[in-house]
Asks: 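Following this message is one structure expressed as structure tokens.
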Amino acid sequence: MSDAGGVVKKFMFVNRKAPYGTVYALESLEVVLISAAFDQDVSLAFLDDGVYELTKGQSTKGLEMKNFSPTYRALEGYDIEKLYVARESLEERGLSEDDLLVDVQVVSCAEMADLMAEQDVVLSF
Amino acid sequence: MSDAGGVVKKFMFVNRKAPYGTVYALESLEVVLISAAFDQDVSLAFLDDGVYELTKGQSTKGLEMKNFSPTYRALEGYDIEKLYVARESLEERGLSEDDLLVDVQVVSCAEMADLMAEQDVVLSF
Amino acid sequence: MKFGIMVNEGPYQHQASDTAYQFAKAVLAKGHEVYRVFFYHDGVNNGTRLTVPPQDDRNIVTRWSELAAKHNLDLVVCVAAAQRRGLLDESEAKRHGRDANNIAAGFRISGLGQLVEAGIQADRMVVFGD
Amino acid sequence: MKFGIMVNEGPYQHQASDTAYQFAKAVLAKGHEVYRVFFYHDGVNNGTRLTVPPQDDRNIVTRWSELAAKHNLDLVVCVAAAQRRGLLDESEAKRHGRDANNIAAGFRISGLGQLVEAGIQADRMVVFGD
Amino acid sequence: MLHTVNKSPFERNTLKTCLAHAKPGSAVLLIEDGVYAALSGTAHSDMVTQAMAQVSVYALGPDLDARGVANRVLNGIKVVDYAGFVDLAIEHPATQSWL
Amino acid sequence: MLHTVNKSPFERNTLKTCLAHAKPGSAVLLIEDGVYAALSGTAHSDMVTQAMAQVSVYALGPDLDARGVANRVLNGIKVVDYAGFVDLAIEHPATQSWL
């Protein structure tokens, strides 16, 4: 599928928005899944309200919307394993790693800034 | 044009968004102009970034967008004269009444709250 | 009691249309009346019959059309906002020389006066947006 | 230098499409290349030929179409986002049994892979949204 | 008056402005991403708790459930469903949506 | 890296988060409603002035003009047009849009 001609770039998907209130989180995840086919160096950053995308126990029946949170668990199967979560964003929200539905690397603001600065392509939604 | 059957309600249009970045300010103004035909008791509230809708000197040539700010000056001709601007919102932005392109009543947060509480219909965009 | 409802955002991008729909359903379930649903700003995009949502997702447009059919609702799309965004019915398309239209069943296009009138006639007006 | 551009919001409601257009024009004026403009989320609504903006306002859709014709730009609308929101070309309309389509000249519908590929092939990727 | 807030207090200034204008005795209903303001242990919990001395605060249950945060709601906030939203809109003479 | 911010600092937390992640030597370009952050005499002027010790801050002229605030820009902020935006995007190896 990939026609990248052997080029491997560092792609970061930046998630800063809560799920369900807007579609950005869901449609961002759709790009992430597609990106797996291109053999690029993909990472995901979750900060600000983006950390809410990963909370356990989402149940959308009352909204008649699709609960897409289990898809984050599927990322590993696509070899997308670099999920970075901002420590400050978790703390402001009273959340800890145990509240998240996937394994992530919790990083400081300075570490997140370093990661961002390394990227070739940053996609935000 | 009015088919209100003699009913006069208090309508408030709440403007909290900056112009041009989004269309809400412009399309809100379009409703205000239409409302004039219905002989209702209309007032406009400008708070938060909504106060930026009224700044003098807007010039949109570089954006190729329509400068709709002169329309605020036309409101008086439609007998829409109750324009309330939040003092705190002006102050946070370093603005004074002299920076605004129409005559307004600058009110405190408590006065704005009182005005809002009197309304029959509050439309926000 | 008569409710007026305004919807300011399009389908799927923001939750506004979903919440408005659930609110309207609850109003009707309680035996109250929905005087009118007025679609403004990007809300006009709720009225296109060309959406093809994924099989496992809700169909926001069809849901509105069906609710309107069942309860004889008045779903009004603002003409000025609709023109800007490309939502046309047959007569609008003709009038502006367009070769297609895309309005869904149960929606009608009309002016902003319909919003003000809903504010006057309804006992309660509730706005859903971004 | 080759630029990729992503547009995440529809015409008129947000300034994103305006800024992206002015940016693309400036890229071209400087002699650089626009590798692709990818329209995602509500951005797909930039590709409808049914808009009828007021006479005294810019025509956002036509502006993109004309820029594409002049510079042979690749304007790609995401198929999944387009289906959700009701933006179809002739073959999509046929495939989904719809009686009309609304895509504008110069736009084509394709998959999200086109966005990733633009990220790989372009020297710079710039995103415009809400 | 019934006030509705549909924005996260972490992202926007909406809730803060709403609370500054909600008069004693009025009701504030948190919906959509606004329900994140209903939670305990966050940077905004104190602001909401203090507001509850003057106004009644409600949160929409289906929105809490969707976001997986229904078990974190602050004491004193009443959780309602869409029918409860309608009741609140009837009970108060007007509704102001803080968008 | 070039960072762009298109939101008013009065309405959203976007600029604050951007500045917290912009490394020394990077550039921040204020566009659309983001240009309100470029102004002197506001509640956010100090935050931006402090940031300028580490990062270069630019504002898009056409957006300032549209909003009638071109004469209020903070000292040290460079005003650019769309061509200048392109130059900044070329000069920096990547662009991050804070939406």
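Here is the naming used below: chain letters follow the sequence lines, and residue numbers restart at 1 for every chain.
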Asks: Applying side-chain hydrogen bond (donor to acceptor under 3.5 Å, both in side chains), which residue pairs with at least one partner in residues 50-59 of chain E are found, sequence neighbours left out?
Replies: none

Asks: Heavy-atom pairs under 4.5 Å with chain A are the metric here; pick the option from E:A66, E:G68, E:A70 that has the most.
Replies: E:A66

Asks: How about the chain E/chain A donor-acceptor pairs under 3.5 Å, what are they, with distances?
Replies:
unit_1, atom_1, unit_2, atom_2, d
E:S8, OG, A:D49, OD1, 3.3
E:S8, OG, A:D49, OD2, 2.6
E:D33, OD1, A:G21, N, 3.4
E:G41, O, A:G94, N, 3.4
E:A43, N, A:E92, O, 2.7
E:D65, O, A:S59, N, 2.9
E:A66, N, A:S59, O, 3.1
E:R67, O, A:T55, OG1, 3.1
E:R72, NH2, A:D99, OD1, 2.7
E:R72, NH2, A:D99, OD2, 3.1

